[in-house]
S.K.: 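Sharing a structure, written as structure tokens. Questions coming.
Residue numbering restarts at 1 for every chain, and letters A, B, ... go by the order of the sequence lines.
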Amino acid sequence: MNKYEYITKLEKRLKKLPPAERANAISYYSEYLEEAGPEGVDAAMAGLGSPSQLAAAILAESAASEMESEAPKVRRGLSAVWFAILGIFALPIALPIAIALFAVAFSVLIAIFSVYISLFAAAIALVGGGLVSVIAGLCAIPISLPVALFYIGGGLICVALGLSLSYGIYKLVWLTCRGVSKIFSGIRNRKGRKRQTVFTNKEANV
Amino acid sequence: MLFQVGAPLLDACVLSFLKREDTYGYVLTQALKEKLEISESTLYPVLRRLQKEGCLSTYDQPWQGRNRRYYSITGKGVHYAEHLKQAWTDYTNRINGLIQGGESCE
């Protein structure tokens with residue numbers, strides 16, 4: 001067995017340990033075997049015992065130190081129970097509030113988007129009206145050149161305004177979507193982190 | 001070895017060694033193995049516990065493409081080591097008194 005196999009086996013046997021403890025033990029013993037060097041590594045592994053023996057010793061030691069710090073653990077468990085009870089009692093109030101907040105956020109979003117849609121409609125109207133005006137101007141060339149130029153110029157200005165407005169709207173929509181997705185991912189991340197800490201606490205209790 | 005080396009005595013040995021210089025697990029194990037009959041796996045739990053109690057701090061130093069984790073004694077550790085040394089001196093004095101007292105009776 002080489003040192004990598006030894007460490008892999010040790011890591012498997014330490015699955016019950018909390019992740020941080022396991023990582024610490026693994027890094028300690030891999031450093032140890034590295035330090036022993038090519039000529040001393042076999043003696044070092046023999047000295048440490050088999051991976052299961054070593055794992056058993058580490059687990060026993062960590063169980064003993066867990067027992068010493070039992071008192072604060074109980075208090076933490078109790079406060080968790082209180083939080084759960086509080087949560088259950090708060091549910092009839094908290095749930096409607098959450099729904100209302102969600103509805104408000106949703107309606108604000110819809111309002112913002114309807115403003116965008118109306119602006120976009122205005123942009124389309126400008127472009128369309130401008131095009132019609134340009135066509136009318138082209139038709140008016142044989143009748144009166146100044147009138148024709150007025151219509152064509154005015155129409156082109158309208159088209160330009162409409163196009164730049166629609167580009168501005170496009171940018172605004174894009175920014176809004178990115179902001180909303182950022183907010184949502186922020187909420188999700190925070191929830192995820194909370195869940196993870198609860199998980200590690202639970203594991204530490206085991 | 002004839003006499004058992006318990007956790008407090010191991011703590012005292014580790015802390016006293018680290019009072020002289022910071023070092024890493026392998027060197028510490030080899031150094032203590034020269035004097036005491038401990039196994040290769042004795043020190044990890046001791047170091048981990050002392051670290052958790054705030055008597056030791058660690059830092060990593062790169063060496064040949066990997067890290068060596070150095071242990072260094074904290075103020076709290078120095079305090080604890082002093083306490084242990086005092087207790088050990090008292091204890092050995094009493095034992096010595098008994099043993100030598102016994103010898104002088106013979």
S.K.: Is it the case that atom CZ in A:F150 sees more than 12 heavy atoms from other parts of the structure closer than 6.0 Å?
M.R.: no
S.K.: What is the distance from atom NZ of B:K52 to atom OG of A:S62, rounded to the nearest 0.5 Å?
M.R.: 7.0 Å
S.K.: Can a donor-acceptor pair be found, under 3.5 Å and without considering hydrogens, that links the side chain of A:E35 to the backbone of B:V27?
M.R.: no
S.K.: Cut-off 3.5 Å, no hydrogens considered: what does the side-chain donor-acceptor table look like for residues 43-59 of chain A, sequence neighbours left out?
M.R.:
residue, atom, partner, partner atom, Å
A:S50, OG, A:Q53, N, 3.2
A:Q53, OE1, A:S50, N, 2.9

S.K.: So which part of B:Q64 gets closer than 4.5 Å to some heavy atom of chain A, the side chain, the backbone, both or neither?
M.R.: neither
S.K.: Just how far is it from atom OG of A:S27 to atom CG of B:D60, taken to the nearest 0.5 Å?
M.R.: 7.5 Å
S.K.: For atom OH of A:Y170, decide whether the heavy atoms of other residues, nucleotides or ligands shown that lie under 6.0 angstrom number more than 12.
M.R.: no
S.K.: With under 30° as parallel and over 60° as perpendicular, where do the rings of B:Y44 and A:Y29 fit, or are they tilted in between?
M.R.: tilted
S.K.: Under 4.5 Å from any heavy atom of chain A, what part of B:R69 do you find: side chain, backbone, both or neither?
M.R.: both
S.K.: Between atom CG of A:N24 and atom CG of B:L47, what is the distance when rounded to the nearest 0.5 Å?
M.R.: 10.0 Å
S.K.: Indicate whether the side chain of A:E31 and that of B:Y24 have a donor and an acceptor atom separated by less than 3.5 Å.
M.R.: no
S.K.: Would you indicate whether A:K9, at its atom NZ, is surrounded by more than 12 heavy atoms from other residues, nucleotides or ligands within a distance under 6.0 Å?
M.R.: no
S.K.: I'd like to know if B:R48 pairs up with A:E21 as an ion pair, taking the criterion as any Lys NZ or Arg NE/NH1/NH2 lying under 4.0 Å from an Asp or Glu carboxylate oxygen.
M.R.: yes
S.K.: So for B:R68, is it side chain, backbone, both, or neither that comes closer than 4.5 Å to the heavy atoms of chain A?
M.R.: both
S.K.: Above 12 or not: heavy atoms from other molecules or residues under 6.0 Å from NZ of B:K85?
M.R.: no
S.K.: Is the OH atom of B:Y70 crowded by more than 12 outside heavy atoms at less than 6.0 Å?
M.R.: yes
S.K.: As an exercise, state the distance from CG of B:L43 to OH of A:Y28, rounded to the nearest 0.5 Å.
M.R.: 5.5 Å
